[in-house]
Protein chains: 2
Amino acid sequence: MTDIARECGITKMTVSRVLAGGDKVKPATKARVLAAAKKLNYEVNTLAKNLTKGRSGFVGVATPFEGLLGTCYFGECFRGFSKARKRFDLDFVLFDTKLESFQDGEKLTQLYRQCRFDGLLVLGAHMNDSFIESLKSAGIPLVIIGEKPLSSEICSVSCDNTGGVELLCEHLYTLGHRRIAFVEGPKNLKVAKSRREQYLNFCRTRKLITPPHYLQPGTFQMSSGREAGKALLTGHTRPTAIIAANDSMAFGVIESARELSLRVPHDVSVVGFDDLDDASQYSPPLTTVHQPAFEMGKLSAQKLFKSIDTDILPTGQTVLNVSLILRESTAVPPSGPST
Amino acid sequence: MTDIARECGITKMTVSRVLAGGDKVKPATKARVLAAAKKLNYEVNTLAKNLTKGRSGFVGVATPFEGLLGTCYFGECFRGFSKARKRFDLDFVLFDTKLESFQDGEKLTQLYRQCRFDGLLVLGAHMNDSFIESLKSAGIPLVIIGEKPLSSEICSVSCDNTGGVELLCEHLYTLGHRRIAFVEGPKNLKVAKSRREQYLNFCRTRKLITPPHYLQPGTFQMSSGREAGKALLTGHTRPTAIIAANDSMAFGVIESARELSLRVPHDVSVVGFDDLDDASQYSPPLTTVHQPAFEMGKLSAQKLFKSIDTDILPTGQTVLNVSLILRESTAVPPSGPST
DNA sequence: TTGTAGGCGTTATCAG
DNA sequence: CTGATAACGCCTACAA
């Protein structure tokens, strides 16, 4: 910058002004500065700029690396973040909430106070609310994605998990299913809990039978769906329909049916939740609930960017709608519609 | 920092020394400083530290967001990066090579010169070598992952794609298959090209028939595998075995067989490449080649970190071994072993 | 073992 | 519209 100033016979200050956006500088000077900058192959030193501005120019994305990073859900959310970005001087840093050192939010708080990032997007948070509370109380601009924290003070963008499961249940019930089983997600995830609760709720309301083994544990991974499917399809009082708390597990359930030479949906109906890309490619194509991961990512990032720009903490708890995607993995139960 | 100094009745400088690692400071002073730091809830300002050090403390990860970010392969690599990290003052920034502005490497070069990151890991690079060359010539510490660039000057960590396809071909040939088809990956990816070349090579060597439609285009996505499978299984001279250039497409091929009521492996053998988590969960479990994505990620990150620490550009082209994972999607061809 | 002086490259502020 | 001066918070180098 000093070089440019010398080259143009002016001060650094004027050069800075031009490069920062050309506030009130004589057009002629401006042109000369720009020419010199080009000639000298100048690029700002972000490090120095950041120091004076007190900003790092980075947005943190906190997520469990193991279990979420390689999933389509994560990919879609992240593409949403990226899409929301209008200013290109903000980039994304990834933090692994699975590391022990990140478990309690203390570490992220510290990084924030060290000016490593300007705001935080939290994906796949655990039920452990104290994690989020501690981030909040550190004054970090914060948006939680995928679930709604207890405290309404905390900004979040999620989708209607309860409503989604309700749609699935209704659909199966209308087809005539009365023996409906459920494969749940990890116990420490709020989304998993919401989905399970709504299933149980539905069964209670409609007075459906729910032997204990109708509620199968799962990890959101295909393998757990396969195991749960095997248990359900070989156990007593075989269900006529199985709801998996996400698509991956639904695929696993379908595989288990195949292994047992049961046809989907003829012998058993299977539904999932998420609407992954592959859901439509499966045979049979999977009936599922579409979760708008891309939109969730985009909206949450927009909120955070705005917050960072304005220095006002983000607020509001947005719950996006989900929709039932009817494909071919569901049909009337083998015994025909119930009464 | 000034506050701590005042609190302890010493200068900033001594405080700095203590906080930087306590070089040659009297233990008593050191203790007092640390106590005061704790009391005042002090955290270094990374922004200032970076400015003096001339380092950003970030490692860039350049990858196409669309098509790679949501995949298991990316997840594994990234977990490898994270695992390689010994110093926790280096974090990972994501850059989207699918953005137009990143296509030619110019943008990343600019970001580097602006000190946004200290080194770069490139994942899923395009065939376009000029992209990589331009990064290299900008002097960016650089490791390419997954493919071996033409210029041996450029550091890379990849796996033996050629050998892997050879293993698959050999396996099928030994079982007796003579009509082997191939579903290829995106035309602009080097890995895809290597795998295809080796398939063609094998067919040539063994004098296998290869009608033009035996080489089906694909995108590495399940849907393209499904389409290719349909074309191959309904076309003339039906192959007895199909090699998909990755697992996702192999799943698609299997689905297409199911739709056509063909049994895998009884009527047609199917193999993939990657060994995704789900490959073992499929029914039939998929015979495939294991690609050590985690190790590739870890090793490449280690090289880069070392380079950043020592200020010596990373070198060497490592090619990791792959291994054939025999599962249940392959068998002798329906007509029995060939002569 | 500790202190002093100065600089890293940029922007803020106020004066001209 | 432009310039002078100081500051951002830390670290390097040298001196005491």
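Labels below follow one simple rule: chain letters A, B, ... track the order of the sequence lines, proteins then strands, and each chain is numbered from 1.
Between A/Arg55 atom CZ and D/dG9 atom P there is a gap of 14 Å when expressed in whole angstrom units. The CD atom of A/Gln114 sits 11 Å away from the P atom of D/dC10 (whole-angstrom rounding). Taking atom CG on A/Leu47 and atom P on D/dC11, their separation rounds to 13 Å, with Å as the unit. What separates NZ of A/Lys49 from C1' of C/dT11 is a distance of 10 Å, to the nearest Å. C/dC8 atom C1' lies 14 Å from atom CG of B/Asn45, rounded to whole Å. In this structure, CG of A/Asn50 is placed 12 Å from C1' of C/dT11, rounded to the nearest angstrom. Per the geometry, CE belonging to A/Met1 stands 5 Å off P belonging to C/dT10, to the nearest Å. In this structure, CG of A/Asp89 is placed 16 Å from P of C/dT10, rounded to the nearest angstrom.
The two residues B/Pro64 and B/Thr97 come nearest to each other via the heavy atoms N-OG1, 2.9 Å.
With respect to the salt-bridge test (charged N to carboxylate O, under 4.0 angstrom), the residues A/Arg79 and A/Glu76 qualify. Ion pair A/Lys190/A/Asp129 flagged as a salt bridge, since at least one NZ, NE, NH1 or NH2 atom sits closer than 4.0 Å to an Asp/Glu carboxylate oxygen. Between A/Lys39 and A/Asp3, none of the side-chain N atoms (NZ, or NE/NH1/NH2) sits under 4.0 Å from a carboxylate O, so this pair counts as no salt bridge. At a threshold of 4.0 Å, the pair B/Lys298-B/Glu295 does not count as salt-bridged, since none of the basic side-chain nitrogens sits closer than that to a carboxylate oxygen.
Axis angle across the helix from C/dT1-D/dA16 to C/dG16-D/dC1, with five pairs used at each end and values rounded to 10°: 30°.
In the set D/dC11, C/dG3, C/dT10, the nucleotide with an atom closest to the side chain of B/Lys53 is D/dC11. Here C/dT10 is the nucleotide among C/dT10, C/dA12, C/dG7 with the atom lying nearest to any side-chain atom of A/Tyr42.
Residue-level contact check: B/Thr2 touches neither bases nor backbone, having no heavy atom under 4.0 Å from any strand.
For A/Thr52 and C/dA12, the shortest distance from a side-chain N or O to OP1 or OP2 is not below 4.0 Å.
Between A/Phe65 and B/Phe78, the ring-plane angle classifies as perpendicular under the 30° and 60° cut-offs.
Contact of the A/Phe131 side chain with the A/Leu135 side chain is registered, since non-hydrogen atoms from C-beta on lie closer than 4.5 Å.
Using modelled atom types and a 3.5 Å distance limit, the side chains of B/Arg113 and A/Asn45 yield no donor-acceptor pair.
Contact check of residues 8-16 of chain A against DNA chain D (heavy atom, cut-off under 4.0 Å) returns A/Ile10, A/Thr11, A/Met13, A/Thr14.
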| said: Show, in sequence, the C-alpha distance, side-chain angles and deciding distance for B/Asp89 and A/Arg116, and conclude whether the salt bridge (Lys or Arg N to Asp or Glu O under 4.0 Å) test is met. | reply: CA-CA 10 Å; B/Asp89 54 350; A/Arg116 288 291 287 175; over 6 Å; no

